[in-house]
Amino acid sequence: MAQSTLDSMPGASTGTVVITEPLNFWGGKRVKPREEKNAEPVFEPATGRVLCQMVPCGAEEVDEAIQSAYAAYQKWSKMAGMERARVMLEAARIIRERREKIAKLEVINNGKTITEALGNIDFSWKSIEYYAGLAGTLAGQHIQLPGGAFAYSRREPLGVCVGIGAWNFPFLITTLKSAPALACGNAMVYKPSPMAPVTAVILAEIYKEAGVPDGLFCVVQGGAETGSLLCHHPKVAKVSFTGSVPTGKKVMEMSAKSVKQVTLELGGKSPLIIFKDCELENAVKGALMANFLTQGQVCCNGTRVFVQREIMPQFLEEVVKRTKAIPVGDPLLGSTRMGPLISKPQLEKVLGFVSQAKKEGARVLCGGDPFVPSDPKLKGGYFMSPCVLGTSNTLVNGGTAHAQSALFFNTQSLSTDNCRDDMTCVKEEIFGPVMSVLPFDTEEEVIQRANNTTFGLASGVFTRDISRAHRVAASMEAGTCFINNYNINPIELPFGGYKMSGFGRENGQVTIEYYSQLKTVVVEMGDVESLF
Ligand SMILES: NC(=O)c1ccc[n+]([C@@H]2O[C@H](COP(=O)([O-])OP(=O)(O)OC[C@H]3O[C@@H](n4cnc5c(N)ncnc54)[C@H](O)[C@@H]3O)[C@@H](O)[C@H]2O)c1
Ligand SMILES: O=CCc1c[nH]cn1
């Protein structure tokens, strides 16, 4: 079945693919949905055409998937780590072999460019290789006790884990959750976003082909209702969630009812701080990488770009010039650097943020408009021009952001064309190609302003001053700080949030802790000394 969807990929171009195969997978095979009447259309973002139908799973289907995962878990968890590793390495090999086809399908469903999608698929097989490598290393401790007694700890799996994913990295999020889960001996039931449902099932088929027991990795389709059924199911031991803060809170609340473990990978509004002693060319490139990958729909993006006032004019000139030059268009073309947003409502929401920013006094330095590519087949796509919101104002020197905004409101002679910390576009996660640029004067001031948010996913700093770089990194209330670059997230590095950006980690060795538990076994070698 994987073959039929993937085999049509080499010749496929934007606007030509229709998927009719079932998108659920459990018991080792694709499963037809029971209630076709609840089908929801899934759109190809580049054209606005219907790509397939997503039919949400109901309670019986969710239960079937979980029971099939539990049965597989009984077998998989008894295998040695090295045996699991061998199967996982085969899955990684198959993904590598089919990378172009999977990437193409991802582009058609998600709208990200083929260049980025290929990078995402490579990240995916590397994540499976990485956790395969750790599977054989899982171990406990041996602890000597008095009188020859001893104890040991066993690192054991949790059981059936649920993964719930967002639409911005559909295949990658599926592997980032399943690879550590499977390495530790768990089974996983995964629910992709209803907007990007087509590639998770490809991974399920690849795991099966590689040799996992039937049911070990299942896919159930659906939205909030199906997600809620998964979070409430008594046989589920853990929920790993990627998505927005409001949904993350609900997932946590539902999981708490049966004391399930939870990992929450949530949203962000990350600061990128650019000091005047930076290497400007790199800082500009860093700001673009921090804002425009996957059409700006990246959780850890550095969307609040703080620039030290002295270099603001040069920074803006360069960043705007390069943003205007980003080729927007058919995401399947190798020359395209920005594709469409995921959906019409998302496009409207992002454009709404730009309008609101203008109303609140920000200046649109470029972009921020709907974009209609010249290719007629893309007329119905969800494109917009990448946007920089900034300041034309370099008159105000010194003082804190609050002092500055007070000046803007009270002094007629000063321009109000500026981004301020209190604007909606600066406070809220936009999740689109919109960069907000803000001036600052001192290190102390910018640290305070950068941390003045309920989010805490990532942060970045550009400076040539090594002490300052590490001082700023230590001060950031965020799960990651990039020094002199941005959005470098290889599989070896733990990734996750501070504050309302979530808790728990994905990637890195530490994630083993989030998919396993320790059992302590105490062994008496002598007689029992009883007080009774
Ligand atoms: N921190 C990270 O690693 C990371 C990565 C990617 C995206 N994100 C965040 O995800 C958001 C965008 O993704 P989105 O729009 O798909 O998020 P979302 O919260 O709307 O949906 C995420 C997933 O949760 C499911 N869901 C919705 N309601 C649910 C409920 N009541 N119970 C259980 N599941 C439910 C959805 O169907 C989807 O699969 C952004 O905020 C972004 O920052 C975070
Ligand atoms: O949108 C979030 C992207 C990401 C990178 N690493 C883990 N998630």
Side-chain angles (χ1 to χ4, degrees), residues 40 42 54 56-57 62 110 112 116 119-120 123-124 126-127 162-177 179 190-197 200 219-233 236 239-255 260 262-270 290 293-303 341-343 345-346 349-350 428-432 455-458 478-480 482 486-508 511:
E40 292 170 19
V42 177
M54 191 288 299
C57 285
V62 164
N110 169 277
K112 67 174 66 204
E116 285 190 44
N120 293 176
F123 191 169
S124 299
K126 283 180 194 166
S127 71
V162 157
I164 298 180
W167 43 260
N168 57 344
F169 292 87
F171 193 79
L172 177 59
I173 294 175
T174 315
T175 58
L176 294 183
K177 294 193 187 303
Y190 186 80
K191 190 196 80 58
S193 162
M195 281 189 276
V219 177
V220 293
Q221 299 292 342
E225 217 169 293
T226 309
S228 146
L229 289 166
L230 290 166
C231 295
H232 282 119
H233 199 287
V236 169
V239 181
S240 175
F241 172 80
T242 295
S244 62
V245 174
T247 313
K249 286 184 193 172
K250 286 184 202 157
V251 165
M252 191 171 165
E253 214 174 290
M254 290 185 283
S255 306
K260 295 182 190 351
V262 181
T263 292
L264 297 180
E265 295 284 358
L266 309 180
K269 189 75 196 180
S270 301
L293 290 170
T294 305
Q295 293 74 251
Q297 303 162 134
V298 179
C299 53
C300 44
N301 270 357
T303 46
L341 275 70
I342 186 71
S343 66
Q346 182 70 9
K349 186 175 147 199
V350 175
E428 290 184 21
E429 185 183 45
I430 298 177
F431 228 54
F455 294 112
L457 192 52
T480 297
F482 303 100
Y486 205 94
N487 270 339
I488 306 296
N489 297 306
I491 188 64
E492 301 93 312
L493 308 184
F495 180 91
Y498 278 23
K499 302 199 279 191
M500 284 173 82
S501 290
F503 56 80
R505 290 292 176 267
E506 277 186 340
N507 309 350
T511 298

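The chain is numbered in sequence order, starting from 1. Given the structure is predicted, the values throughout are model-derived calculations rather than measurements. All ligand and atom numbering here is 1-based and tracks the order in the structure. All heavy atoms count here, side chains included; hydrogens, waters and symmetry mates do not.
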Task: Ile164, portion touching ligand 1 at heavy-atom distance under 4.0 Å - done: side chain

TODO: Among all protein heavy atoms, pick the one closest to atom 23 (C) of ligand 1 and tell me residue, atom and distance.
DONE: Gly165 O, 3.3 Å

- [ ] Compare all side-chain heavy atoms of Ile491 with those of Leu176 and state whether any distance is below 4.5 angstrom.
- [x] yes

TODO: List the atom of Pro56, the atom of Thr226, and the distance in Å for their closest heavy-atom pair.
DONE: CB-OG1, 3.8 Å

Task: Heavy-atom side-chain proximity of Gln346 to Met195 below 4.5 angstrom - done: no

TODO: Give a yes or no answer on whether the side chain of Lys260 reaches the backbone of His233 with a donor-acceptor pair at less than 3.5 Å.
DONE: yes

Task: ligand 1 N/O within reach of Gly227 N/O, cut-off under 3.5 Å - done: no

Task: Within-cut-off N or O pair, Ile173 and ligand 1, under 3.5 Å - done: no

TODO: May I ask you to identify, for Gln297, whether its side chain, its backbone, both or neither come under 4.0 Å of ligand 1 on a heavy-atom basis?
DONE: neither

Task: Ligand-side contact atoms (ligand 2) for residue partner Phe169, heavy atom cut-off under 4.0 Å - done: 1 (O), 2 (C), 3 (C)

Task: Nearest neighbour in protein (non-hydrogen) for atom 8 (N) of ligand 1 - done: Cys299 CB, 3.6 Å

TODO: Taking the side chain as every heavy atom from C-beta outward, state whether Lys499 and Leu457 have any atom pair closer than 4.5 Å.
DONE: no

Task: Considering all heavy atoms, the nearest Thr511-Arg505 contact - done: OG1-O, 3.2 Å

Open item on the list: Heavy-atom pairs closer than 4.0 Å: do any link ligand 2 to the side chain of Leu172, the backbone, both, or neither?
Closed with: neither

TODO: Looking only at protein heavy atoms, identify the closest one to atom 12 (C) of ligand 1 and say how far it is in Å.
DONE: Phe431 CE2, 3.6 Å

Task: Closest non-hydrogen atom pair, Thr294 against Asn168 - done: CG2-O, 3.8 Å

Task: Heavy-atom pair of closest approach, residues Phe431 and Cys299 - done: CE1-N, 3.6 Å

- [ ] Kindly indicate whether the side chain of Val298, heavy atoms from C-beta on, has any atom under 4.5 Å from the side chain of Phe169.
- [x] yes

Open item on the list: Determine whether Thr242 and Lys177 satisfy the following criterion, side-chain contact (heavy atoms from CB on, under 4.5 Å), listing intermediate values before the conclusion.
Closed with: CA-CA 9 Å; Thr242 295; Lys177 294 193 187 303; 2.7 Å; yes

Task: ligand 1 contact by Pro192, heavy-atom criterion under 4.0 angstrom - done: yes

Task: Nearest non-hydrogen partners of Gln221 and Pro192, listed with the distance - done: OE1-CG, 3.5 Å

Task: Protein heavy atom at shortest distance from atom 8 (N) of ligand 2 - done: Phe495 CE2, 3.6 Å

- [ ] Go through ligand 2 atom by atom and flag the ones less than 4.0 Å from a non-hydrogen atom of Val298.
- [x] 1 (O)

- [ ] Report yes if Lys250 has an N/O atom closer than 3.5 Å to an N/O atom of ligand 1; otherwise report no.
- [x] no

Open item on the list: Can you confirm, on distance only, whether ligand 1 has an N/O atom lying under 3.5 Å from any N/O atom belonging to Trp167?
Closed with: yes

- [ ] Starting at CZ of Phe123, measure out to CG of Asn507 and round the result to the nearest 0.5 Å.
- [x] 4.5 Å

TODO: Starting from atom 1 (O) of ligand 2, locate the nearest protein heavy atom and write down its residue, its atom name and how far away it is, to 0.1 Å.
DONE: Cys299 SG, 2.6 Å

TODO: Tell me which part of Val245 gets within contact of ligand 1: side chain, backbone, both or neither, using heavy atoms under 4.0 Å.
DONE: neither

Task: Which segment of Phe241 sits under 4.0 Å of ligand 1 when only heavy atoms are counted - done: side chain

Task: Side chain, backbone, both or neither: Pro194 near ligand 1, heavy atoms under 4.0 Å - done: side chain

Open item on the list: Quick check against the 3.5 Å criterion: does Ser501 have a side-chain atom that pairs as donor or acceptor with the backbone of Leu266?
Closed with: no

- [ ] For atom 30 (C) of ligand 1, grab the closest protein heavy atom and report residue, atom and distance to one decimal in Å.
- [x] Ala224 O, 3.7 Å

- [ ] Sort out for me which residue in Ile164, Ile173, Val220, Val162 forms a side chain to side chain contact (heavy atoms under 4.5 Å, CB included) with Tyr190.
- [x] Ile173

Open item on the list: Using modelled atom types and a 3.5 Å cut-off, is there a donor and acceptor pairing between side-chain atoms of Glu506 and backbone atoms of Glu265?
Closed with: no

Task: Option set Gly502, Ser193, Gly223, Gly243, criterion heavy-atom distance to atom 10 (O) of ligand 1, minimum - done: Gly243

Open item on the list: For Thr226, which part has a heavy atom under 4.0 Å from ligand 1: side chain, backbone, both, or neither?
Closed with: neither

Open item on the list: Please report whether ligand 1 has a polar contact with Glu506, defined as an N or O pair separated by less than 3.5 Å (distance criterion only).
Closed with: no

TODO: Of all the heavy-atom pairs spanning Ala458 and Tyr486, show the shortest one and how long it is.
DONE: CB-OH, 3.7 Å

- [ ] Looking only at protein heavy atoms, identify the closest one to atom 17 (O) of ligand 1 and say how far it is in Å.
- [x] Ser244 N, 3.4 Å

Task: Under 3.5 Å: N/O of Asn168 near N/O of ligand 2 - done: yes

- [ ] Do me a favour and list the nearest non-hydrogen protein atom to atom 13 (O) of ligand 1 with residue, atom name and distance?
- [x] Ala166 CB, 3.4 Å

Task: Closest protein heavy atom to atom 27 (C) of ligand 1, given as residue, atom name and distance to 0.1 Å - done: Thr247 CG2, 3.4 Å

Task: Residue, atom name and distance, where the atom is the protein heavy atom closest to atom 22 (C) of ligand 1 - done: Thr242 O, 3.6 Å

TODO: Could you tell me whether the side chain of Lys269 and the main chain of Phe455 form a donor-acceptor pair under 3.5 Å?
DONE: no

Task: Nitrogen or oxygen of Lys191 less than 3.5 angstrom from that of ligand 1 - done: yes

Open item on the list: Residue-level breakdown please: for Glu429 versus ligand 1, do any non-hydrogen atoms fall below 4.0 Å on the side chain, on the backbone, on both, or on neither?
Closed with: side chain

